[in-house]
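Whatever order the structure lists ligands and atoms in, that order sets their numbers, starting from 1. Source: prediction; values computed, not measured.
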Amino acid sequence: MKRIKRIKGTQDILPETSFKWQYIENTVRKIMVRYGYHEIRTPMFEMTELFARGIGQLTDIVSKEMYTFTDRSKKSITLRPECTAPVMRAYLENNLGEARPVQKLYYISPMFRQENPQAGRLRQFHQFGVECIGPSAPEADVETILLGLDIYQELGLTNFTVKINSVGDAESRINYKARLKEFLEPHLTRMCHTCQERYDSNPMRILDCKNESCNSILSDAPQIIDSLTTDAREHFNKVLSLLDQNEVEYQIDHRLVRGLDYYTFTAYEFIGGGLGAQNALGGGGRYDLLAEEIGSKKQTCAVGFAAGIERLIMAMEEENLLPQINSGIDVFIATFGGETQDAGFKLARTLRKNDISVHTELMGRSLKAQMREANRSGARFALILGEEEIKTGRAALKDLLQSEQKEIALSDLVDEILKTRE
Ligand code: AMP
């Protein structure tokens with residue numbers, strides 16, 4: 001029978017890699033706490049309608065990338081491709097706004113999109129993200145940007161930039177779309193098929209196009225910044241001013257649009273310098289219209305971002321920032337089988353109860369093989385327990401790191417090992 005393999009675009013995160021994930025996740029959680037964010041965990045799957053309405057039917061995600069299936073009760077279910085709509089749904093469903101006018105929520109979760117797998121583009125990938133729900137003030141936008149920056153900086157990343165733009169409010173966008181369409185119309189026949197399709201359905205997404213001939217046309221396109229209403233302009237100016245005051249370097253990118261209708265005001269991206277084609281580390285913005293899009297009766301202001309963990313790992317690898325594996329094992333107990341093995345097994349339990357990490361022989365191998373295993377396991381110490389050691393209550397504790405050895409009383413073992421942790 002053919003061996004079953006994992007699904008294309010998914011990854012097994014093996015022990016030599018999972019500790020890198022833990023390191024990143026722990027750092028993310030630490031910074032989230034600094035900014036007063038609390039974790040939210042929403043279901044891995046939702047009603048398809050949430051994403052169709054929340055993200056928008058015309059987006060690539062909804063039109064061709066979602067893992068959608070019908071369950072046994074004929075409901076259309078989708079594995080979440082992103083977490084902003086689920087978090088907003090949870091916020092509304094649980095009346096979180098009543099409990100506190102400002103809800104600062106974060107998540108670290110897998111997402112699912114049926115894209116063409118390539119480096120930095122997977123079908124199951126992982127994001128950390130934040131949603132600050134309640135405030136309309138530009139301070140909230142900037143706080144999310146600073147939070148993202150602090151995470152990258154805490155991890156030591158230097159090769160990245162922040163790109164920012166404003167997509168205005170609904171009125172700004174109506175004005176801008178009209179100007180953009182007027183500009184694009186005479187060039188349309190020379191533009192790619194996708195751009196031609198988007199001309200009527202969602203013209204602002206055309207600005208995202210990477211096609212060369214579209215690109216050269218778009219370089220002369222009108223900029224949304226010139227179509228902003230007074231409110232939208234003031235909001236953007238305040239965001240930029242706060243970034244300046246906090247000494248954040250950024251680039252204004254007039255073509256950065258998160259082309260969905262619910263996005264408002266600020267849009268931004270964290271771009272990794274050494275990542276090649278898939279260079280977006282994360283992206284976010286303000287989305288004051290999403291709540292209504294998914295059925296809320298009243299407007300709910302919100303701003304947030306989502307950032308990819310696989311791409312962050314790639315960026316950290318580029319800069320050599322990932323820590324070396326640390327097995328965390330304090331001691332390997334080697335025995336000679338029979339009663340000595342039982343005694344070693346029991347000693348291991350005592351040590352573990354004292355918060356000491358222990359590896360013991362589980363294959364009944366020779367002493368030589370056990371010592372090889374002790375070295376391979378990354379244990380700091382090895383303890384050889386034979387009949388003589390059990391009788392006298394004294395044994396040799398080998399420091400595998402320093403290549404030293406000393407004889408100690410077994411009754412001092414706990415203290416002796418804990419001492420090396422200080
Ligand atoms: P988005 O929700 O599309 O704005 O994505 C936010 C971030 O998630 C991106 O900047 C990437 O870092 C990451 N990301 C999005 N899609 C994928 C994917 N298919 N594979 C890996 N990372 C992804």
* Ala280-ligand 1 polar pair, N/O distance under 3.5 Å ->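 Yes, there is a polar N/O contact under 3.5 Å.
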* May I have the step-by-step check of ring-ring contact (aromatic ring centres under 6.0 Å, His included) for Phe265 and Tyr263, ending in yes or no? => CA-CA 7 Å; Phe265 301 98; Tyr263 275 109; over 10 Å; no
* Please round to the nearest 0.5 Å and tell me the distance separating atom CD of Gln251 and atom NE2 of His254. =>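 It is 11.0 Å, given to the nearest 0.5 Å.
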* **Contacting atoms of ligand 1, where contact means under 4.0 angstrom from a heavy atom of Gln127** => 2 (O), 5 (O), 6 (C), 7 (C), 8 (O)
* **Protein contact of atom 4 (O) of ligand 1 - nearest heavy atom, named by residue and atom, plus distance** =>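 Looking at atom 4 (O) of ligand 1, the protein heavy atom closest to it is Arg258 NH2, 2.9 Å.
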* Short N/O distance, under 3.5 Å, between Gly308 and ligand 1? -> yes
* What are the atoms of ligand 1, with element, lying closer than 4.0 Å to any heavy atom of Gly282? ->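 Answer, ordered by atom number: 10 (O).
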* Record the part of Met111 in heavy-atom contact with ligand 1 below 4.0 Å; permitted values are side chain, backbone, both and neither. => neither
* To do: Return yes or no for this condition: an N or O of Leu122 is under 3.5 Å from an N or O of ligand 1.
  => yes
* NZ/NE/NH1/NH2 to OD/OE distance under 4.0 Å, Lys75 and Asp71 -> no
* To do: Could you tell me whether some N/O pair between Leu281 and ligand 1 is separated by less than 3.5 angstrom?
  =>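 The answer is yes, given that Leu281 and ligand 1 share an N or O pair closer than 3.5 Å.
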* Minimum-distance protein heavy atom relative to atom 22 (N) of ligand 1 ->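 So the nearest neighbour among protein heavy atoms is Phe125 CD1, 3.5 Å.
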* Asked: What do you reckon, does Glu82 have a nitrogen or oxygen under 3.5 Å from a nitrogen or oxygen of ligand 1?
  -> no
* Check: Gly283 N/O within less than 3.5 Å of ligand 1 N/O ->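 Between Gly283 and ligand 1 (N or O atoms, distance only) the closest approach is not under 3.5 Å.
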* To do: Using non-hydrogen atoms of the residue, decide whether Arg311 is closer than 4.0 angstrom to ligand 1.
  =>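 Yes; Arg311 lies near enough to ligand 1 that a heavy-atom distance drops under 4.0 Å.
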* Are Asp342 and Arg349 ion-paired here, with the side-chain N under 4.0 Å from a carboxylate O? -> no
* Sidechain N-carboxylate O distance under 4.0 Å for Asp330, Arg380 -> no
* For ligand 1, which atoms sit closer than 4.0 Å to a heavy atom of Ala306? ->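 Heavy-atom distances to Ala306 below 4.0 Å select 6 (C), 7 (C).
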* Would you call the rings of His187 and Phe183 parallel, tilted or perpendicular, where under 30° means parallel and over 60° means perpendicular? ->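 Ring orientation of His187 relative to Phe183: tilted.
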* Is Glu115 touching ligand 1 with its side chain, its backbone, both, or neither, if touching means heavy atoms under 4.0 Å apart? ->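 Looking at Glu115 and ligand 1, just side chain atoms fall under 4.0 Å.
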* To do: Would you give the length of the straight line joining atom CD1 of Ile31 to atom CG of Leu155, rounded to the nearest 0.5 angstrom?
  =>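 So the gap between those two atoms works out to 8.0 Å.
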* Any side chain to side chain donor-acceptor pair (under 3.5 Å) involving residues 15-28? Give me the pairs, sequence neighbours left out, ordered by first then second residue. =>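 For residues 15-28, and leaving out neighbouring residues, there are no side chain to side chain donor-acceptor pair (under 3.5 Å) pairs at all.
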* Inspect the contact between Arg41 and Glu39 and indicate whether a charged nitrogen and a carboxylate oxygen are less than 4.0 angstrom apart. =>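 Yes, Glu39 and Arg41 are salt-bridged.
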* Closest protein heavy atom (residue, atom, distance) for atom 21 (C) of ligand 1 ->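 Answer for atom 21 (C) of ligand 1: Gly120 O, 3.3 Å.
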* **NZ/NE/NH1/NH2 to OD/OE distance under 4.0 Å, Glu82 and Arg113** => no
* Arg113 near ligand 1 by a heavy-atom separation under 4.0 Å ->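 Yes, Arg113 has a heavy atom closer than 4.0 Å to ligand 1.
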